[in-house]
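To start, the structure under review is shown below, and the notes come after it.
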Protein chains: 4
Amino acid sequence: MTSGLAEKRREKYEAILKAALKVFAEHGFFNSQVSKIAREAGVADGTIYLYFKNKEDILISLFREKLGSLVRKFHEHVHDDDRADEAIRKVCELHFTELEKDVQLAKVTQLELRQSSRELHSEISNALKPYIQLIEDVLVRGIEQGIFRSDLDVKLTRLLIFGAMDEVVSSWLISGRRYSLSAQVDKTVDFFLRSLRA
Amino acid sequence: MTSGLAEKRREKYEAILKAALKVFAEHGFFNSQVSKIAREAGVADGTIYLYFKNKEDILISLFREKLGSLVRKFHEHVHDDDRADEAIRKVCELHFTELEKDVQLAKVTQLELRQSSRELHSEISNALKPYIQLIEDVLVRGIEQGIFRSDLDVKLTRLLIFGAMDEVVSSWLISGRRYSLSAQVDKTVDFFLRSLRA
Amino acid sequence: MTSGLAEKRREKYEAILKAALKVFAEHGFFNSQVSKIAREAGVADGTIYLYFKNKEDILISLFREKLGSLVRKFHEHVHDDDRADEAIRKVCELHFTELEKDVQLAKVTQLELRQSSRELHSEISNALKPYIQLIEDVLVRGIEQGIFRSDLDVKLTRLLIFGAMDEVVSSWLISGRRYSLSAQVDKTVDFFLRSLRA
Amino acid sequence: MTSGLAEKRREKYEAILKAALKVFAEHGFFNSQVSKIAREAGVADGTIYLYFKNKEDILISLFREKLGSLVRKFHEHVHDDDRADEAIRKVCELHFTELEKDVQLAKVTQLELRQSSRELHSEISNALKPYIQLIEDVLVRGIEQGIFRSDLDVKLTRLLIFGAMDEVVSSWLISGRRYSLSAQVDKTVDFFLRSLRA
DNA sequence: TATGAATGAGGATTCATTCAT
DNA sequence: AATGAATGAATCCTCATTCAT
């Protein structure tokens with residue numbers, strides 16, 4: 001029953017990631033001890049190193065898994081023949097609602113992820129790429145559909161859109177989540193579409 | 001001659017900040033030792049603590065000084081009776097050209113500043129407030145001038161604008177500055193104004 | 001078929017020792033992980049502990065086996081009625097040629113063996129005793145045969161002889177084996193015999 | 001008063017070395033914690049690293065200082081125009097009496113010094129070189145004086161002599177110092193001179 | 001004011017050994 | 001007998017900060 005073993009391994013892997021998410025969100029990356037994560041996950045300190053190369057690797061893996069899941073969710077809800085303006089709305093909606101649902105994840109991605117070492121930055125930006133690319137794909141499709149301006153610089157625009165959403169989330173977190181994040185979707189998307197439309 | 005003393009004090013204060021900017025930009029906040037900053041500034045380790053409370057205080061002070069100077073520069077170039085759309089252009093232009101001119105500052109604000117502790121974040125967002133407020137003021141003025149839509153949510157929009165610019169700078173840095181940052185001003189401002197205009 | 005089982009056990013025991021010899025010679029005792037020896041021997045980590053008490057026990061066993069084999073070889077080549085001066089030559093010849101043939105063994109005995117813990121030292125000197133004793137026996141026989149001085153302090157002299165040979169081997173190893181070790185036999189034995197002869 | 005500062009520094013340096021000698025002799029290199037040395041020396045753990053690069057550096061420095069002092073002592077007692085056979089006696093006498101007087105040093109040099117890492121070995125053999133060279137110089141002088149055989153291989157012979165003495169000291173230590181080490185000088189030197197004499 | 005030697009808390013990681021399977 | 005995943009004790013070193021001078 002190899003699947004039993006692999007499954008068990010996967011379970012422990014995810015237990016550690018879950019514990020890490022909680023600890024990182026609560027204390028920040030640099031103030032989180034590996035031993036604290038181990039305790040939270042109910043494993044020995046050394047066990048962590050059977051699943052992850054080092055402390056940074058935990059953060060990267062966490063980020064990859066979560067971002068991958070976000071991209072996957074997007075693909076579940078949006079199809080290639082959907083209207084690009086609806087797709088933009090869906091991206092923003094998922095971005096805001098998913099992070100609103102999972103505050104720990106929001107904290108880690110917005111605040112703690114930046115607290116990493118120099119080398120980590122390229123890893124992180126690699127992990128972000130599929131998401132940024134996804135936004136670009138929607139922009140390109142919008143132009144093809146004749147919905148978006150054909151003179152758009154898609155490489156620049158994808159950054160403007162991602163950066164704008166990112167800042168809204170950060171600000172919401174820093175404010176202590178005193179208002180609804182998902183309530184910002186409409187106005188945010190409106191802002192984007194006014195600029196994008198042909 | 002207290003002013004002589006005060007002047008001397010100010011000089012050393014600035015020498016330390018200048019050294020810190022260089023060291024932080026080169027090695028990142030967490031990989032910068034106070035002793036390295038002291039050596040770069042030509043003072044003893046202990047002297048640092050006569051001017052700053054602790055290591056974080058150096059970063060905050062650096063940020064405040066630099067951001068204050070950026071805000072000051074804006075006020076030099078833009079006046080209350082200027083057209084709001086021109087003011088938005090001026091904000092973006094200054095944002096991009098100032099950071100393009102001072103790469104060390106760009107690195108510190110975009111990358112290293114985020115590597116700070118939990119407590120630091122509120123300090124940083126405090127230091128950012130005057131700049132964000134400045135953007136908001138322009139938006140309000142634009143509405144009053146009838147140039148911008150009156151249904152704008154200025155609190156949200158200022159974030160969208162700041163976040164978008166911020167991301168363009170980050171991306172430019174991460175790319176290794178392989179293209180001109182200031183060359184992005186026109187398209188970026190165009191993106192903003194299409195959404196803002198009445 | 002206990003002998004079949006015992007044989008299999010012996011085979012695995014020797015496979016582990018052979019692997020340990022290679023790993024110890026290459027990385028030194030303290031830089032050799034038990035898991036590395038296990039991998040080299042093609043067994044699981046835990047299996048090591050079915051054959052050896054602990055890591056040190058591997059080293060001691062290795063030493064005993066190898067030294068025992070050296071003593072056995074000596075007895076194959078020298079007989080009680082041989083001339084003692086010829087026996088001294090044989091001892092030195094075997095000492096140098098055997099270690100020259102088996103560099104891994106030389107490295108372990110000369111360099112890594114010393115890197116052991118306090119408690120190990122008595123074990124090691126126990127394992128060395130048969131060899132030192134063998135030298136003493138030759139000396140006693142030489143006196144009886146009238147070939148060696150009767151005023152020799154055999155307890156001291158056996159140390160002088162062993163220590164001298166030991167140092168030649170160590171120096172040869174440290175030099176990177178840039179010359180022939182066995183070529184030193186004649187001059188070394190000459191040095192000994194000038195002092196020993198009646 | 002720079003000499004005051006330098007003196008103070010030297011004093012602390014020696015206090016740490018003295019503490020290290022005691023701790024290493026008692027527990028062996030690998031079982032000696034840096035913190036134990038610090039406590040013994042009456043300084044903070046971190047202070048150690050103001051004087052030494054790392055733990056190994058303490059051992060190397062200790063070795064160098066002590067061996068240097070032994071070489072210096074030899075030069076105080078022997079002069080270039082002394083008879084080479086007397087010089088050999090002096091070498092052996094100093095070797096045995098100095099280590100007999102300073103058992104901690106004997107333990108460290110004979111037993112613990114070998115327990116070092118691969119890289120350390122070349123450092124150690126470098127530190128030993130002046131002493132080995134000193135023996136060679138005496139041999140060369142003996143040949144020039146016509147006292148020693150002119151067909152001596154001085155490079156080999158210096159090893160035989162050093163190795164023989166070294167082993168006597170090791171054996172004495174392992175025996176628990178149950179006999180006088182310096183009492184072995186006469187017979188040891190006699191063994192050497194019988195081989196060396198023209 | 002300025003110095004810089006001294007402090008000492010703090011933590012990621014390794015690896016010999018165990019034990020459930 | 002054999003496995004190898006899990007354990008968790010153990011420690012060197014860094015570096016922000018202090019304080020005697």
Side-chain angles (χ1 to χ4, degrees), chain A residues 1 4-5 8-9 12 16 30-39 41-58, chain B residues 5 8-9 12 29-39 41-58 117, chain C residues 5 8-9 12-13 16 29-39 41-58 117, chain D residues 1 4-5 8-9 12 16 30-39 41-58:
Chain A
M1 268 232 254
L5 269 181
K8 211 159 189 183
R9 191 178 164 79
K12 197 159 279 189
I16 294 171
F30 277 100
N31 289 312
S32 294
Q33 293 89 330
V34 172
S35 61
K36 210 180 272 173
I37 297 173
R39 204 177 318 124
V43 300
D45 291 19
T47 305
I48 300 273
Y49 292 87
L50 297 175
Y51 293 84
F52 300 92
K53 208 157 52 44
N54 51 36
K55 190 181 164 187
E56 281 198 349
D57 190 34
I58 306 176
Chain B
L5 274 180
K8 215 161 186 182
R9 188 177 166 80
K12 198 161 276 189
F29 180 70
F30 277 101
N31 289 312
S32 293
Q33 294 87 334
V34 172
S35 62
K36 209 181 271 172
I37 297 173
R39 205 179 316 126
V43 301
D45 293 17
T47 306
I48 299 272
Y49 291 87
L50 298 174
Y51 292 84
F52 299 93
K53 204 157 52 66
N54 52 35
K55 190 182 167 186
E56 283 199 347
D57 188 35
I58 306 176
S117 79
Chain C
L5 274 180
K8 215 161 185 181
R9 188 177 168 80
K12 198 160 275 189
Y13 174 82
I16 294 172
F29 181 70
F30 277 100
N31 289 313
S32 293
Q33 294 87 333
V34 171
S35 62
K36 209 182 271 172
I37 297 173
R39 203 179 318 125
V43 300
D45 292 18
T47 306
I48 299 273
Y49 292 87
L50 299 174
Y51 292 84
F52 299 93
K53 205 158 50 68
N54 53 33
K55 190 181 167 186
E56 283 198 347
D57 189 34
I58 305 175
S117 79
Chain D
M1 269 232 255
L5 269 181
K8 211 158 188 185
R9 190 177 164 79
K12 198 160 278 189
I16 294 171
F30 277 99
N31 289 313
S32 294
Q33 293 88 332
V34 172
S35 62
K36 209 181 272 174
I37 297 173
R39 206 177 317 124
V43 300
D45 291 19
T47 306
I48 300 273
Y49 293 88
L50 298 175
Y51 292 84
F52 300 93
K53 209 157 47 60
N54 52 35
K55 190 181 164 187
E56 282 199 349
D57 190 35
I58 306 176

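Reminder, nothing fancy here: chain letters follow the sequence lines and each chain counts from 1.
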**OP:** Nearest-nucleotide wise, let me know which of C:R9 and A:K12 is further upstream toward the 5' end of DNA chain F.
**Re:** C:R9

Original post:
What nucleic acid atoms does A:F52 come within less than 4.0 Å of, heavy atoms only: base, sugar-phosphate, or nothing?
Top reply: nothing

Subject >> Non-neighbouring partners of C:R9 that pass side chain to side chain contact (heavy atoms under 4.5 Å, CB included), sequence neighbours left out >> reply: C:Y51

**OP:** In sequence, state the C-alpha distance, the side-chain angles, and the governing distance for D:K12 and D:T47, and then conclude on side-chain contact (heavy atoms from CB on, under 4.5 Å).
**Re:** CA-CA 10 Å; D:K12 198 160 278 189; D:T47 306; 4.2 Å; yes

Original post:
F:dA5 phosphate, OP1 or OP2: any side-chain N/O from A:Y51 under 4.0 angstrom?
Top reply: no

Original post:
Rounded to the nearest 0.5 Å, what separation is found between the CD1 atom of A:I37 and the CD1 atom of A:I48?
Top reply: 6.0 Å

Subject >> Contacts of C:Y49 that satisfy ring-ring contact (aromatic ring centres under 6.0 Å, His included) - sequence neighbours left out >> reply: none

Original post:
Nucleotide by nucleotide, 5' to 3', does protein get under 4.0 Å of the base (B), only the sugar-phosphate (S), or neither (-) in nucleotides 13-21 of chain E, counting heavy atoms?
Top reply: BBSSBB---

Original post:
Just how far, in rounded Å, is P of F:dC15 from CZ of B:R39?
Top reply: 11 Å

**OP:** Please report the closest heavy-atom contact between A:D45 and A:S35, naming both atoms and the distance.
**Re:** OD2-CB, 3.3 Å

Subject >> Nearest-angstrom distance from the residue atom NZ of A:K36 to C1' of E:dG10 >> reply: 12 Å

Original post:
When you match D:G42 and B:V43 each to their closest nucleotide on DNA chain E, which lands nearer the 5' end?
Top reply: B:V43

**OP:** For B:N54, enumerate each residue passing the side chain to side chain contact (heavy atoms under 4.5 Å, CB included) test, keeping only those at least two apart in sequence or located in another chain.
**Re:** B:E56, B:D57

**OP:** Could you tell me the separation between the CD1 atom of C:I48 and the C1' atom of F:dT3, rounded to a whole number of Å?
**Re:** 12 Å

Original post:
Given the rule that a pair is Watson-Crick or G-U wobble with both distances under 3.5 Å, how would you write DNA chain F in dot-bracket, using | for pairs to a different strand?
Top reply: .||||||||||||||||||||

**OP:** Please name all residues satisfying side-chain hydrogen bond (donor to acceptor under 3.5 Å, both in side chains) with A:K36, sequence neighbours left out, ordered by chain then number.
**Re:** A:Q33

Subject >> Between E:dT3 (P) and B:L50 (CG): distance, integer Å >> reply: 9 Å

